[in-house]
Amino acid sequence: MVRRGGRKGLLWGTAVFLLLLGFVRPFVALRPLKERVSSAADSWGEEQLFLRRDENDLISYSAWNITGTYRGRWSFLDATNGSTRFLDFGKSSGVSVVELVSSPTRIHGVHYIQGAVTFHDVFDNEHDHGVAQMRLEGVYIWPFQKLRMVANSVANDESIQEEDYFFSNPYNLLGVFSSQVFQESTRDKIRRNKSLTYDMEKHCHVEIAAQVSRISSNQNDGNHDLYHLEGLMEGPATDGDGECFSSILLNATSVNIEVYYNKAVNYTLMVTFISFLQVLLLIRQMEHSNTQSGAAKVSIIMIGQQAVMDAYLCLLNLTAGILVESLFNAFATAAFFKFVVFSIFEMRYLLAIWKASRPMHNGENWETMRRELSVLYSRFYGILLGGILVLYQMHNFLRPILLIMYSFWIPQIVTNVIRDTRKPLHPHYIVGMTLTRLAIPLYIFGCPSNFLRIEVDEYWCIYLGVFMGLQASVLLLQHYLGSRCFIPRQILPEKYCYYRKFENASQETDCVICMTAIDFTQHSNGYMVTPCDHCFHSGCLQRWMDIKMECPTCRRSLPPA
């Protein structure tokens with residue numbers, strides 16, 4: 001009896017041991033969190049009791065799918081950060097982004113978690129604030145909404161499960177795109193953090209314990225469920241001597257990708273609408289200056305500068321569409337309309353201005369014209385490509401560069417003063433182009449909910465708006481009051497007077513434009529006399545000078561009126 005009872009006890013002991021081994025095996029890679037008073041670091045007791053429950057008892061629980069991107073804040077638990085042995089946390093708080101991918105396991109109620117956490121504003125240097133990123137893995141006990149993770153060192157050539165999610169997430173991709181284009185470069189920071197997780201694993205036990213909660217529907221902007229993570233991150237040293245860094249509080253909320261999609265689509269609709277308005281304004285301006293004399297009054301530098309800006313916007317939108325495949329149609333549409341603006345309308349207008357500025361050479365042979373045209377296009381595309389290299393090398397000074405690019409009205413102002421031109425630009429074109437050009441930079445740097453997640457820079461937006469407003473105001477003053485209305489008369493060069501007395505006023509003279517006699521008995525403003533002593537009606541000669549700045553009789557060049 002004793003022998004039989006001992007054999008039965010041995011069998012029961014072996015069965016219990018195998019059963020416990022099956023439960024413990026999934027957690028071999030996890031290190032238990034050390035006990036803390038904080039609620040974010042509770043013991044594993046409740047979870048272990050839960051694992052022994054029957055699956056029928058879990059029907060009342062809801063398995064939340066916490067896969068997604070979470071954005072929030074990180075801050076130190078203690079007021080003083082005196083134990084930063086490994087990472088130089090120069091700031092006491094900053095922005096954190098957590099990306100998680102959840103997949104079910106054989107153990108009912110337990111999901112396997114892989115992800116990454118990114119800490120912004122970590123390294124406090126003189127010029128910039130760095131970014132630290134760590135790969136994570138762990139488990140999610142969904143009946144208790146408990147998330148437990150540790151740092152996971154992954155080799156550079158080793159692929160991780162569900163990594164396609166990270167590379168296809170538009171929130172992550174567009175964030176990288178905006179940081180590379182509109183913010184400071186992170187190349188040096190990524191290079192110095194490439195082996196961050198591996199070095200952390202050698203020196204620290206990085207552990208995260210978090211509680212997951214669902215956001216109520218009245219606070220949710222979309223139809224999908226949103227979740228909130230609140231937990232604690234610890235980094236005790238492997239040798240047991242102190243901590244690698246003080247405990248960090250994590251507080252993040254999941255990003256609604258649908259709302260994020262809608263923001264990006266709304267931006268592309270805005271760009272498309274603005275491009276359509278710019279096409280209409282360009283057509284209005286081309287009709288306003290459809291003559292040779294009218295086109296020669298327009299500054300070729302001003303139109304070329306706007307064409308370069310539209311080309312850059314076309315490339316940026318096309319790059320964003322290629323980067324985020326799910327938003328390719330929206331960004332490609334915006335890029336196509338920008339391509340139409342600069343490649344068809346602005347380049348055509350650029351060519352018309354170039355031909356009008358050289359009227360004496362229009363009779364040249366085709367070979368000479370083609371050679372000069374090739375020079376014009378090579379200069380334009382050379383400036384376009386050279387500007388890309390300059391922007392790449394000086395992207396840390398993007399805002400001053402944008403101010404320089406948005407000074408495109410200044411060449412026209414200078415041209416008006418030098419040539420003393422009359423009404424080269426239509427007022428609708430001046431006001432419309434000023435407003436439509438301001439829309440995109442004000443959205444990127446002034447809208448707090450822009451899809452690129454650029455921080456709002458109110459002062460820069462004010463500077464840009466005032467700068468563009470001053471340029472447009474000067475152009476409007478030149479249009480209505482004269483091109484040199486704000487220049488003191490003492491420094492102006494002597495101007496030819498068309499209303500001088502006609503020496504042969506005693507003889508009957510006909511105006512060769514309208515073929516009617518000129519009445520010299522009227523006021524002197526009724527007729528105009530050219531430097532070559534040819535007389536015409538004032539209205540006739542002014543209309544003629546709007547077409548050609550040549551004398552209708554002898555084809556001699558005429559000075560500005």
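Counting begins at 1 with the first residue of the sequence.
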If you measure only the distance, is there a donor-acceptor pair under 3.5 Å linking the side chains of [X] and [Y]?
{"X": "N416", "Y": "Q412", "result": "yes"}
{"X": "T69", "Y": "Y260", "result": "no"}
{"X": "R214", "Y": "Q145", "result": "no"}

Taking the six-membered ring for Trp, is the centroid-to-centroid distance between Y406 and F467 below 6.0 Å?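 That pair fails the under 6.0 Å test.
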
Report yes if the distance between the aromatic ring centroids of F144 and W142 is under 6.0 Å, otherwise no.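 No: the rings miss the under 6.0 Å criterion.
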
Stepwise side-chain contact (heavy atoms from CB on, under 4.5 Å) check, I274 with T436: CA-CA 6 Å; I274 287 174; T436 55; 3.8 Å; yes

Once the angle between the rings of [X] and [Y] is folded into 0 to 90°, is it parallel (under 30°), tilted (30 to 60°) or perpendicular (over 60°)?
{"X": "Y459", "Y": "Y463", "result": "tilted"}
{"X": "H426", "Y": "H288", "result": "perpendicular"}
{"X": "Y429", "Y": "W409", "result": "perpendicular"}

After noting the C-alpha distance and the side-chain angles of F328 and F331, does the key distance pass the ring pair (Phe, Tyr, Trp, His ring centres under 6.0 Å) rule? CA-CA 5 Å; F328 176 78; F331 281 105; 9.3 Å; no

Side chains of [X] and [Y]: closer than 4.5 Å at any heavy-atom pair?
{"X": "M433", "Y": "L282", "result": "yes"}
{"X": "F445", "Y": "L402", "result": "yes"}
{"X": "I344", "Y": "V279", "result": "no"}
{"X": "L327", "Y": "V265", "result": "yes"}
{"X": "L425", "Y": "M302", "result": "yes"}
{"X": "V212", "Y": "L229", "result": "yes"}
{"X": "K338", "Y": "Y312", "result": "no"}
{"X": "I208", "Y": "L232", "result": "no"}

Main-chain N/O of [Y] paired to [X] side chain as donor or acceptor, under 3.5 Å:
{"X": "Y70", "Y": "L100", "result": "no"}
{"X": "T105", "Y": "V110", "result": "yes"}
{"X": "T67", "Y": "S102", "result": "yes"}
{"X": "Q285", "Y": "P424", "result": "yes"}
{"X": "Q305", "Y": "M405", "result": "yes"}
{"X": "H111", "Y": "V139", "result": "no"}

What are the two closest non-hydrogen atoms of [X] and [Y], and how far apart are they?
{"X": "F408", "Y": "Q471", "value": "N-OE1, 3.9 Å"}
{"X": "V375", "Y": "S378", "value": "O-OG, 2.8 Å"}
{"X": "S275", "Y": "V341", "value": "O-CG2, 3.7 Å"}
{"X": "A356", "Y": "A295", "value": "CB-CB, 3.7 Å"}
{"X": "D310", "Y": "R437", "value": "OD1-NH1, 2.5 Å"}
{"X": "L376", "Y": "L351", "value": "CD2-CD1, 4.3 Å"}

Please step through side-chain contact (heavy atoms from CB on, under 4.5 Å) for the pair L318 and F336, ending with a clear verdict. CA-CA 8 Å; L318 186 61; F336 171 75; over 6 Å; no

Could you walk me through whether S449 and K263 pass the side-chain contact (heavy atoms from CB on, under 4.5 Å) check? CA-CA 8 Å; S449 59; K263 288 182 180 180; 3.8 Å; yes

Counting only heavy atoms from other residues, nucleotides and ligands, does the tally under 6.0 Å from CD1 of I301 exceed 12? no

If you count every heavy atom of other residues, nucleotides or ligands that lies below 6.0 Å from K423 atom NZ, does the total exceed 12?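 Check fails, neighbour count at 12 or below.
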
